[in-house]
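Remarks on the structure that follows.
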Amino acid sequence: GNCPRELMALSPEVVNHLKLCTVAVGLDLGPEIHPKIVGTGFMVSTGGHCFTNAHVAQALLTPLEYWHTLQLSTRACVIAYEFIPDKGMATIKAGIKSVLYASCREKKTGGVQYGGVPDVAVISTDLSNSPCLDIADETLPPEGTEVYFCGFPLGEEMFFEEHELEQVTSLLQHGIISAHMPFSGIPNPHAFKIDATCNPGNSGSPVVREDGKAIGMVYARRTEAFT
C-alpha cells in the first residue's frame, strides 16, 4: 500500500520568529480589562508596519461625533505576546497611527475577468525595531504544497477560561494549498484555498511556507457562505 506522506516540520527558530511577528489587532479597553481582539496581523517592517485584512482594520473605526463619518478609534492597537522564561508572558501594546487600504485594477486572464480590490490593509503602529516577516517574492507554490498560518482564531474569547484553560498566545496551524483561485493552472491566481479550519479571529493571519517567508494572508473561510 501507499505509505503516508511525511509532514514537514518548521524549525523551532522559524516558529519562534513567526510567533514574535504575529500580533493581535484590537481595541485597548484599559489596564484592568483584556483587549477586544478583532483579528490578526503580522509585522512586515522594523519601522512598525503591519499587514492585516481591510475588514479587520475597518472594525477599528468609530463614528465621529456630530459628523456622518468614521475615524480610527483612539483605542486601536496591536498586541504582541512573548513568553520570557522565569518571568512569564510579556504583553506589548502599541497604538495605531494610521491605516492604508490596498487598491488595484481589475485583471483579465484567459478571457476570464476576476480580481477586484484585495482585502488588505497596512497598519502603521508605534512599534519600533520590531521583528518582521520576510515576504516571498517567488510565484505562488503549486497546489499540494504544505503551508502554515499563525493567528488568534478565538479573538477576544481566548481570554475566557473554559475547563481552566486559557489561550494567551497565537496559534500555529497547517494545511496544504488545495486550489488556486479562480481555477487551477492560472498563471497569476488572486487567491488560494487551504484545507484547514479557520475562525473569525484568523482574519489577517500570515500564511508562510517552510522557510517562514509569507506567501499570503487568511481573509475568508467557507461555511454556508463566505464570511
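Small disclaimer: the values here were computed from a predicted structure and weren't measured.
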Requested in this report: Could you list the residues that satisfy side chain to side chain donor-acceptor pair (under 3.5 Å) with N202, not counting sequence neighbours?
Outcome: S205
Report task. Kindly determine whether L140 and H180 satisfy side chain to side chain contact (heavy atoms under 4.5 Å, CB included), including the steps that lead there. Result -> CA-CA 9 Å; L140 183 66; H180 291 170; 3.5 Å; yes
Query - Working for side chain to side chain contact (heavy atoms under 4.5 Å, CB included), residues I37 and V25 - result: CA-CA 6 Å; I37 294 177; V25 180; over 6 Å; no
Query raised in the report: CG/L18 to CD/E13 distance, rounded to the nearest 0.5 angstrom?
Result: 13.0 Å
Query - S203 to V56 - nearest heavy-atom pair and separation - result: CB-CG2, 3.6 Å
Report summary line: Nearest heavy-atom approach of T125 to C50 is CG2-CB, 4.4 Å
**Report entry** Student check: side-chain heavy atoms of L60 and L27 closer than 4.5 Å
**Finding:** yes
Query raised in the report: So, for C150 and T22, which heavy atoms are closest and what is the spacing to 0.1 Å?
Result: O-CG2, 3.6 Å
**Report entry** With T52 via side chain to side chain donor-acceptor pair (under 3.5 Å) - residues at least two apart
**Finding:** none
Query raised in the report: Taking the side chain from T145 and the backbone from P142, do they hold a donor-acceptor pair closer than 3.5 Å?
Result: yes
Query raised in the report: Residues two or more places apart in sequence or in another chain: which of them pass salt bridge (Lys or Arg N to Asp or Glu O under 4.0 Å) with K93?
Result: D28
Query - Shortest non-hydrogen contact from D119 toward A54 - result: OD1-N, 2.8 Å
Report task. Answer whether the closest heavy-atom distance between the side chains of V15 and Y148 falls below 4.5 Å. Result -> no
Query raised in the report: For D195, which residues count as a salt bridge (Lys or Arg N to Asp or Glu O under 4.0 Å) partner, sequence neighbours excluded?
Result: none
Query - Residue pairs passing the salt bridge (charged side-chain N to carboxylate O under 4.0 Å, His left out) test where at least one lies in residues 14-27, sequence neighbours excluded - result: none
Query raised in the report: Between E82 (side chain) and T91 (backbone), is there a donor-acceptor pair under 3.5 Å?
Result: no
**Report entry** Whether S98 side chain and S124 backbone form a donor-acceptor pair below 3.5 Å
**Finding:** no
Report task. Carefully, step by step, assess I92 and L127 under the rule side chain to side chain contact (heavy atoms under 4.5 Å, CB included). Result -> CA-CA 9 Å; I92 303 171; L127 288 174; 4.0 Å; yes
Requested in this report: Take E210 and E146, measure what side chain to side chain contact (heavy atoms under 4.5 Å, CB included) needs, and give me the verdict at the end.
Outcome: CA-CA 8 Å; E210 188 180 12; E146 188 165 8; over 6 Å; no
Query raised in the report: If you round to the nearest 0.5 Å, how far is NE2 of H17 from SG of C132?
Result: 6.0 Å
Report task. Using modelled atom types only, decide if a donor and an acceptor are shared between the side chain of S170 and the backbone of F152 within a distance under 3.5 Å. Result -> no
Requested in this report: Tell me, please, which residues at least two apart from K213 pass side-chain contact (heavy atoms from CB on, under 4.5 Å).
Outcome: D134, A136, R209, D211
Query - Check: V23 and T40 side chains under 4.5 Å, non-hydrogen atoms - result: no
Query - By side chain to side chain donor-acceptor pair (under 3.5 Å) - contacts of E143 (at least two apart) - result: S184
Query raised in the report: If you group Ile, Leu, Val, Met, Phe, Trp and Tyr by side-chain heavy-atom gaps below 4.5 Å, do M43 and L20 land in one group?
Result: no
Query raised in the report: Can you list the residues that meet the ring pair (Phe, Tyr, Trp, His ring centres under 6.0 Å) rule with F192, with sequence neighbours excluded?
Result: none
Query raised in the report: Under the side-chain contact (heavy atoms from CB on, under 4.5 Å) test, which residues partner V99, sequence neighbours left out?
Result: A57, L72, I96, Y101, A121, I123
**Report entry** Any side-chain heavy-atom pair of V120 and N53 under 4.5 Å
**Finding:** no
Query raised in the report: Does the side chain of H174 come within less than 4.5 Å of L10's, by heavy atoms?
Result: no
**Report entry** Listed partners of S45 passing side-chain contact (heavy atoms from CB on, under 4.5 Å), at least two apart
**Finding:** H49
Query - side-chain contact (heavy atoms from CB on, under 4.5 Å) partners for I84, two or more places apart - result: K87, A90
Query raised in the report: Quick one: ring pair (Phe, Tyr, Trp, His ring centres under 6.0 Å) partners of F42, sequence neighbours excluded?
Result: F51
Query - 4.5 Å side-chain heavy-atom contact, I194 and V147 - result: yes
